[in-house]
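Note that the structure is a prediction, hence the values are computed from the model and not measured. Convention: sequence-line order gives letters A, B, ...; per-chain numbering from 1.
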Amino acid sequence: MPELPETETIARDLHASVAGRTVAKVTVARPDVLREVGERAFRRRLRGVGIVGSWRRAKLIVTDLSTRDRLVVQPRFTGALIVDDGTLDPALLAYSTIRLVLDDGRSIHYCDVRRLGTVALMNETRFEEYSAALGIEPLDSTFTASQLSGVLRVSNQPVKKVLMDQRRIAGIGNIYANEALWRAGIDPSRAAGTIAAGEAALLRDSIVAVLEESIAARGTSFRDYRDAKGQRGGFAAKLQVYGREGQPCVRCGSRLVGTHAIDGRATVFCARCQS
DNA sequence: CGCCACACCTGACGGC
DNA sequence: TGCCGTCAGGTGTGGC
C-alpha cells in the first residue's frame, strides 16, 4: 500500500485540490470497500456536505467534513484517491469503487484493483478512538532517539516487524522498513531488544530521512501507487534495497540477500553491512 | 496477552 | 496456448 510518504502526498494533493468544495452526489459501485457504515448511510451522510480539508494520520487519508464526520480512506495495497476533472485515464477509472461528484463538476474516485483497501465514515469520537490505538507519528518532533529506543527495548520481535507495527509507530510499511534498516546498518532480523541506544539514534535518523526524501519525490510507485492526479511517484529509482535482491549493495558491493523469514514479508538486506 | 494462521481480493508472471 | 502456483507498499480476526 501507500505507506506514509505516498499517503502524505495524496492527502496534500487532495487538500489543495478540493478543500472548500461540496459533495453534490455519491455513487457506490463496490460497497464491499465500505467500513463502519452501510451504503445508504454513507450516501446520506455525504450528500450536500462540505469538504473542510484533508490530512494524513498513519497510512490513512482523513477528510474533515462540515458535519464533523470524517471520511477515512485506507488504500492498503492498491487503493488510490484520485480527482478527475474529466481527463482521468480510463484504465484507472475502470476500478473506481466509490465516486463523490463535487459541486464544480469534478469527481473524487476511490479506485482499488484488489479492493483490500477501505473507505470509512466516522464521527469525531469514533475517529479519536481509532486514532488513539495507532502509534507515534515518525515525522512528529516527539519521535526522538530515546522514544524509539524505548519502543524497541521492550520487544523480542525482529526489529523490522516492530518498525512496521502500527500500534507502536504509525506509517512505516515494508518498503521503508527495509530502506531505513539498510541506511542504519542494522540486520532486520535482530531482536528489537538488542538494539543499543546509539543504533536506535541512527535508526531514528534513517527513518526520518528516508520518509522525508520520499515525500519530496512524491512517493514510491513500485507498481500500482498513484497520487491524487493519477501520476506515479519518483522515489522508486532511489530505493537502495527494496526490489534489488541479488544486485550489488550500493555501499559495499556485496550481493543483496532476499528472504521471507520475517513475518512472511519480502525482506532485502546486505549481509555484510547490516548487523 | 502474545503469537500465528488465515481471510480479504485481483492481476501479473513464471513454469510446465 | 492455457492452466496452476506464487507473489504483491496491509490489516483485522479468531484460535490456542
Side-chain angles (χ1 to χ4, degrees), chain A residues 1-11 29-36 56-61 72-81 91-98 110-120 122 126 129-131 133-135 138 151 154-158 160-182 188 191-193 207 210-211 213-215 217-227 231-246 258-268:
Chain A
M1 127 179 184
E3 303 182 34
L4 187 154
E6 294 75 33
T7 317
E8 178 71 27
T9 302
I10 294 170
R30 294 288 202 159
D32 61 352
V33 302
L34 291 176
R35 294 294 184 279
E36 309 265 334
R56 181 194 60 75
R57 165 75 171 125
K59 303 174 192 172
L60 309 169
I61 299 123
V72 181
V73 174
Q74 189 170 79
R76 301 212 185 170
F77 284 104
T78 55
L81 259 184
L92 290 174
L93 215 47
Y95 293 98
S96 175
T97 68
I98 304 275
Y110 178 65
C111 301
D112 195 340
V113 172
R114 290 175 69 183
R115 297 199 315 284
L116 293 174
T118 60
V119 177
M122 302 183 192
R126 172 65 186 128
E129 175 191 43
Y130 187 88
S131 181
L134 295 167
V151 166
V154 297
S155 174
N156 294 316
Q157 293 186 317
K160 179 174 179 241
K161 201 174 169 188
V162 175
L163 294 186
M164 292 173 65
D165 182 345
Q166 302 301 298
R167 295 166 304 178
R168 294 166 159 130
I169 304 164
I172 301 174
N174 200 30
I175 291 181
Y176 300 105
N178 276 301
E179 294 297 312
L181 287 163
W182 178 84
I207 290 167
V210 75
L211 295 176
E213 287 169 32
S214 182
I215 290 170
R218 303 185 57 77
T220 302
S221 291
F222 193 75
R223 38 160 42 100
D224 301 301
Y225 166 71
R226 294 295 180 277
D227 66 22
Q231 306 286 114
R232 297 171 67 87
F235 199 68
K238 307 238 172 84
L239 295 176
Q240 287 162 311
V241 282
Y242 186 84
R244 295 194 64 245
E245 175 183 349
T259 172
H260 283 84
I262 304 167
D263 206 27
R265 308 294 302 278
T267 297
V268 186

Colleague: Could I get the full list of side chain to side chain donor-acceptor pair (under 3.5 Å) partners for A:Asp224, not counting sequence neighbours?
Modeller: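 Expected list: none.
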Colleague: In whole angstrom, give the distance that lies between atom CD of A:Glu6 and atom C1' of C:dA8.
Modeller: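 Whole-Å distance recorded here is 15 Å.
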Colleague: Going by salt bridge (Lys or Arg N to Asp or Glu O under 4.0 Å), name the residues that satisfy it together with A:Glu8, two or more places apart in sequence or in a different chain.
Modeller: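 Applying salt bridge (Lys or Arg N to Asp or Glu O under 4.0 Å) to A:Glu8 gives A:Arg12, A:Arg56.
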Colleague: A:Arg223 CZ to C:dT6 C1': how many Å, rounded?
Modeller: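 Spelled out: CZ on A:Arg223 to C1' on C:dT6 is 12 Å.
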Colleague: Within this structure, what is the CZ-to-P distance between A:Phe77 and C:dC7, rounded to whole angstrom?
Modeller: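 Taking atom P of C:dC7 as the reference, CZ of A:Phe77 is at 13 Å.
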Colleague: For B:dC8 and A:Arg114 - does any side-chain N or O of the residue sit under 4.0 Å from the phosphate oxygens OP1/OP2?
Modeller: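 The answer is no; no side-chain N or O of A:Arg114 sits under 4.0 Å from OP1 or OP2.
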Colleague: Using a heavy-atom cut-off of under 4.0 Å over every strand shown, decide if A:Asp112 touches base, sugar-phosphate, or nothing.
Modeller: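 No contact.
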Colleague: Does A:Arg244 have any salt bridge (Lys or Arg N to Asp or Glu O under 4.0 Å) partners at least two apart in sequence or in another chain, and if so, which?
Modeller: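 Result, salt bridge (Lys or Arg N to Asp or Glu O under 4.0 Å) vs A:Arg244: none returned.
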Colleague: Taking only side-chain nitrogens and oxygens of A:His260, does any of them come within less than 4.0 Å of OP1 or OP2 of C:dA8?
Modeller: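 For C:dA8, OP1/OP2 do have a side-chain N/O of A:His260 under 4.0 Å.
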Colleague: In whole angstrom, give the distance that lies between atom CG of A:Leu92 and atom C1' of B:dT10.
Modeller: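 My rounded result for the distance is 15 Å.
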Colleague: So, does A:Glu179 use its side chain to make a donor-acceptor pair with the main chain of A:Leu239 at under 3.5 Å?
Modeller: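 Such a contact is absent between A:Glu179 side chain and A:Leu239 backbone.
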Colleague: Between A:Tyr95 and B:dC9, does any side-chain N or O lie under 4.0 Å from OP1 or OP2?
Modeller: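 So the side chain of A:Tyr95 is outside the cut-off, no N or O lying under 4.0 Å from OP1 or OP2 of B:dC9.
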Colleague: Could I get the full list of ring pair (Phe, Tyr, Trp, His ring centres under 6.0 Å) partners for A:Tyr130, not counting sequence neighbours?
Modeller: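 Counting only residues at least two positions away or on another chain, A:Tyr130 forms no ring pair (Phe, Tyr, Trp, His ring centres under 6.0 Å).
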Colleague: How many Å lie between CD1 on A:Ile169 and P on C:dT11, as a whole number?
Modeller: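 Between P of C:dT11 and CD1 of A:Ile169: 13 Å.
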Colleague: Just by distance, no angles: are the side chains of A:Thr118 and A:Arg35 close enough, under 3.5 Å, to form a donor-acceptor pair?
Modeller: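 Their side chains do not contain a donor-acceptor pair, so the 3.5 Å distance test is not met.
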Colleague: Over how many whole Å does the gap from A:Leu239 atom CG to C:dA8 atom P extend?
Modeller: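 From A:Leu239 CG to C:dA8 P: 15 Å.
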Colleague: Between A:Val113 and A:Arg167, which has a closest nucleotide on DNA chain B that is more 5'?
Modeller: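 With A:Val113 and A:Arg167 compared, the 5'-side residue is A:Arg167.
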Colleague: Atom CD of A:Glu3 to atom P of C:dA8: distance rounded to whole Å?
Modeller: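 Checked: the CD to P distance equals 14 Å.
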Colleague: Can you name the side chain to side chain donor-acceptor pair (under 3.5 Å) partners of A:Thr9, sequence neighbours left out?
Modeller: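 Listed in chain order: nothing, the list is empty.
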Colleague: Can you pull out every side-chain hydrogen bond (donor to acceptor under 3.5 Å, both in side chains) where at least one residue sits in residues 162-171 of chain A? Sequence neighbours excluded, please.
Modeller: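 Pairs touching residues 162-171 of chain A that pass the test: A:Gln157-A:Arg168, A:Asp165-A:Arg167, A:Asp165-A:Arg168.
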Colleague: Can you pull every protein N or O that's under 3.5 Å from an N or O on nucleotides 3-5 of chain B?
Modeller:
| unit_1 | atom_1 | unit_2 | atom_2 | d |
| --- | --- | --- | --- | --- |
| B:dC3 | OP2 | A:Gln157 | NE2 | 3.2 |

Colleague: Taking only residues two or more places apart in sequence, or in another chain, which ones meet A:Tyr95 in a ring pair (Phe, Tyr, Trp, His ring centres under 6.0 Å)?
Modeller: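 Per chain and number, A:Tyr95 pairs via ring pair (Phe, Tyr, Trp, His ring centres under 6.0 Å) with no residue.
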Colleague: Would you list the protein and nucleotides 12-16 of chain C atom pairs, both N or O, that sit under 3.5 Å from each other?
Modeller:
| unit_1 | atom_1 | unit_2 | atom_2 | d |
| --- | --- | --- | --- | --- |
| C:dG12 | OP1 | A:Tyr130 | OH | 2.8 |

Colleague: From C-beta outward on A:Leu116, which listed nucleotide comes closest to its side chain: B:dC8, C:dA8, B:dG11?
Modeller: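 Nearest nucleotide to the side chain: B:dC8.
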Colleague: Give the stems involving DNA chain C, where a stem is 3 or more consecutive Watson-Crick or G-U wobble pairs (i with j, i+1 with j-1, and so on) under 3.5 Å.
Modeller: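 Result, WC/G-U stems under 3.5 Å: B:2-8 with C:10-16, B:10-16 with C:2-8.
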Colleague: Considering residues at least two apart in sequence or located in another chain, which fulfil the salt bridge (Lys or Arg N to Asp or Glu O under 4.0 Å) criterion with A:Glu245?
Modeller: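 In terms of salt bridge (Lys or Arg N to Asp or Glu O under 4.0 Å), with neighbours along the sequence ignored, A:Glu245 is linked to no residue.
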Colleague: With sequence neighbours left out, what residues match A:Glu36 under side chain to side chain contact (heavy atoms under 4.5 Å, CB included)?
Modeller: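 Per chain and number, A:Glu36 pairs via side chain to side chain contact (heavy atoms under 4.5 Å, CB included) with A:Ala120, A:Met122, A:Arg126.
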